[in-house]
Amino acid sequence: MKRMLCVMSILSVSGLMSLTAWAEPTSLTGAGATFPYPIYSQWAYKYEKLTGVKLNYQSIGSGGGIAQIKAGTVDFGASDAPLDVKELEESGLIQFPMVIGGVVPVINVPGIDPGKLVLSGELLADIYLGKIKKWNDNAIVAMNADLKLPNKAITVVRRADGSGTTFLFTSYLGKVSKQWREKIGVGKAVAWPVGVGGKGNEGVASYVQKISGSIGYVEFAYALQNKMAHVQMKNKAGKIVAPGIRTFQAAAANAQWDKTPGYAVVLTDQPGEQSWPIAGASFILIHKKQLNGEKAGAMLKFFDWCYKHGSEMAEKLDFVAIPANVVAMVEKTWKTEVKANDNPVWP
Amino acid sequence: MHKLSTIKTTASSRDQTRADLLFRGFTALCAIGLILIVVGIFIELLMNSWPAIKKFGLSFLVSQKWNPVPGIEEFGALSSIFGTLATTAIAMLIATPMSLVIAIFLVELAPPRMAGIVGGAIELLAAVPSIIYGMWGLFVFAPFMQDHIQPFLGEVIGGPLFEGPPMGIGILTAGIILALMILPFITAVARDVFLMIPNVVKEASHGMGATTWEVTYKVVWPYCIHGIVGALFLGLGRAIGETMAITFVIGNDHSISASVFSAGTSIASTLANEFTEASEPIYLSALFELGLVLFGLTVVFQIVAQLWLRRLRKSTGGRA
């Protein structure tokens, strides 16, 4: 809740600033995903101090961000779920990953300490399908022989609003469970078979904290800040991993960025012994044809700065920077694709 | 001298008629503007929801399915309509008797100083933004419901109405929070209605030996029923469209259950939750159609209120 107020006050302040911004030399506007908002605003703050270039990012949600960049009312859009290549082509956009984060299942089960419970993707899918109804179900006990699981009903908690976090979560369940893939599907919002919905990460977090016997999923930073009991996951390689910067990085490193058009990589269920199974990149969307070359150059310079100098700040906020080899690929794409008056914007 | 004053009067009365005309024109313009806005909203809602209306037809109103996954979208408003009506009904059931009793106490029984303090508190409550009720509902009231009220209801009364694990949130909690939100509105208006009864009437009946109860029931009540119904519909109108507070505590699940412990969703909370990320055109259109349904519900309630008032006016012999 505190964060929501903070976001609202920043938005209103930045709204005021944008009114006066016409007099400033360079000011960039972006809109979209809420998930990377903390790190984007940190980067923008630092970058303005260094260079005087102002960035106004409105975290209105990926859907709104996509609509606004298509309408051309902002300089860049941001989305948690990658757009498919066809949609990019149609609207003349390119997309590239900016930052990586992870989604973690969190629980509130009496007698189970944080980080002790181990789940597999199949188990998680069965819980969210409503097939596993009790915490002492044989399938859960089999993976957690050393834990004393109570005979308590499982209350499933998920997002009520459409969100990139849900997209990553359902993408993972869809990859590991055939039934999920066929019955429910993957999306920013789905027709959940069971459970209650909280609005935003804070809504899910507070429901999980309030309802005894519940399980939910939130972005990693949120689980940490609220000191919630996360679970460990069995990944694709069959290894048990805990959520954290290292395991998110492993998931990103093992992805095949170069072979995916539009960098539309979804970092769920990635190979690799250390890979956390529910990670994902947040994407930036910009127009291929830029109207103002100078402004476009300033924008790409900002992104370049974030790639090269922003990783420490990202880690402090529990985000992971994009691997260097991927950055090189992205900047090559800038060079060949982004143009103003047919001249490349990025040198 | 006499002549001069006559001229003066005519001039000023001419001015007055002109001012009157201007004033009348201005007020009429504002009133017509209001109608235009309502019609405009209706047309806009209809236009935006047209793709959904065309695709789902009447099944939108009776289907319980709500599936926003791209490619297999299917939308039905029934669960949202059910949640809206269920929470509003619970809220009215609780708020109506309570607010009337409070208003009667304030007007008839309370010592003046106390009436002033309680009256001020009620007006203050009416001014609290709904998101505050939502936060209080989620962080304070829901745990209380979970630990005390829901287990009590489930064990003592039970049955299909009070079934399921006590989660603290759900239809019942949302209804109670709504009741608290509309209570000050109904109370404040009802109190003003009660205050409008001429004291002579009340004093006369007291003078004839009537008890406070008799005065309230036989004199005050028939006199005020008209205004009270108005107050109730004001509360109903607020309850039916309430958004943020409900979103926090209703559980946001597109399902219909007989138990008031279970999670549900209302039209307004569905809109608040899903609008931001609805990027598919048909999804957006379905949300607009939900808005249209809410608009329609409000109109229906208005018509019912008007009809009811007309009948009351007849039955009370035009006194109210």
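Order of the sequence lines fixes the chain letters, A, B, ..., with proteins taken first and strands second; residue numbering starts at 1 for each chain.
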Relative to each other, are the rings of B:F75 and B:Y283 parallel, tilted or perpendicular (30° and 60° limits)? parallel
Ordered numerically, the heavy-atom neighbours of chain A under 4.5 Å found in residues 161-183 of chain B are B:M167, B:I169
Parallel, tilted or perpendicular for A:Y40 and A:Y57, by the 30°/60° rule? perpendicular
Of all heavy-atom pairs linking B:P151 and B:D147, the shortest is CG-O, 3.5 Å
Honestly, the part of A:I211 sitting under 4.5 Å from a heavy atom of chain B is both
Heavy-atom contact with chain B under 4.5 Å, split by part of A:R158: side chain
Between B:F248 and B:Y133, ring centroids under 6.0 Å: no
Qualifying salt bridge (Lys or Arg N to Asp or Glu O under 4.0 Å) pairs with a residue from residues 65-91 of chain B, counting only residues at least two apart or across chains: none
Side-chain donor-acceptor pairs under 3.5 Å in residues 82-93 of chain A, sequence neighbours left out?
from  : atom 1 : to    : atom 2 : distance (Å)
A:D84 : OD1    : A:E87 : N      : 2.9
A:E87 : OE2    : A:K70 : NZ     : 2.7
A:S91 : OG     : A:E87 : O      : 2.6

Where A:T29 and A:T73 come nearest, the two heavy atoms and their spacing: OG1-O, 4.3 Å
Intermediate values then yes/no, side chain to side chain donor-acceptor pair (under 3.5 Å), A:Y217 and A:T166: CA-CA 8 Å; A:Y217 61 90; A:T166 299; 2.7 Å; yes
What is the minimum heavy-atom distance between B:A126 and B:R238, and which atoms define it? O-NH1, 4.2 Å
Residues 262-275 of chain B vs chain A, non-hydrogen distance cutoff under 4.5 Å, contacting residues -> B:A263, B:A272, B:N273, B:E274
Please determine whether salt bridge (charged side-chain N to carboxylate O under 4.0 Å, His left out) holds for the pair A:K175 and A:D269, giving the CA-CA distance in whole Å, both sets of side-chain angles, and the decisive distance to 0.1 Å. CA-CA 7 Å; A:K175 279 181 185 169; A:D269 204 29; over 6 Å; no
Please indicate whether B:I157 has more than 12 foreign heavy atoms, meaning atoms of other residues, nucleotides or ligands, lying under 6.0 Å from its CD1. yes
Side chain to side chain, B:T247 and B:N252, heavy atoms closer than 4.5 Å: yes
Counting only heavy atoms closer than 4.5 Å, note whether A:S163 contacts chain B via side chain, backbone, both or neither. backbone
Heaviest contributor of heavy-atom pairs below 4.5 Å to chain B, chosen from A:A189, A:G185, A:G187, is A:A189
Assert top hit (heavy-atom pairs under 4.5 Å, partner chain B, pool A:G197, A:G63, A:G203) equals A:G197
Side-chain contact test, heavy atoms from C-beta onward, threshold under 4.5 Å: evaluate it for B:I246 versus B:T84 and give yes or no. no
Looking at A:A191, A:A67, A:G198, which makes the most heavy-atom pairs under 4.5 Å with chain B? A:A191
In terms of heavy-atom proximity below 4.5 Å to chain A, should B:I72 be classed as side chain, backbone, both, or neither? side chain
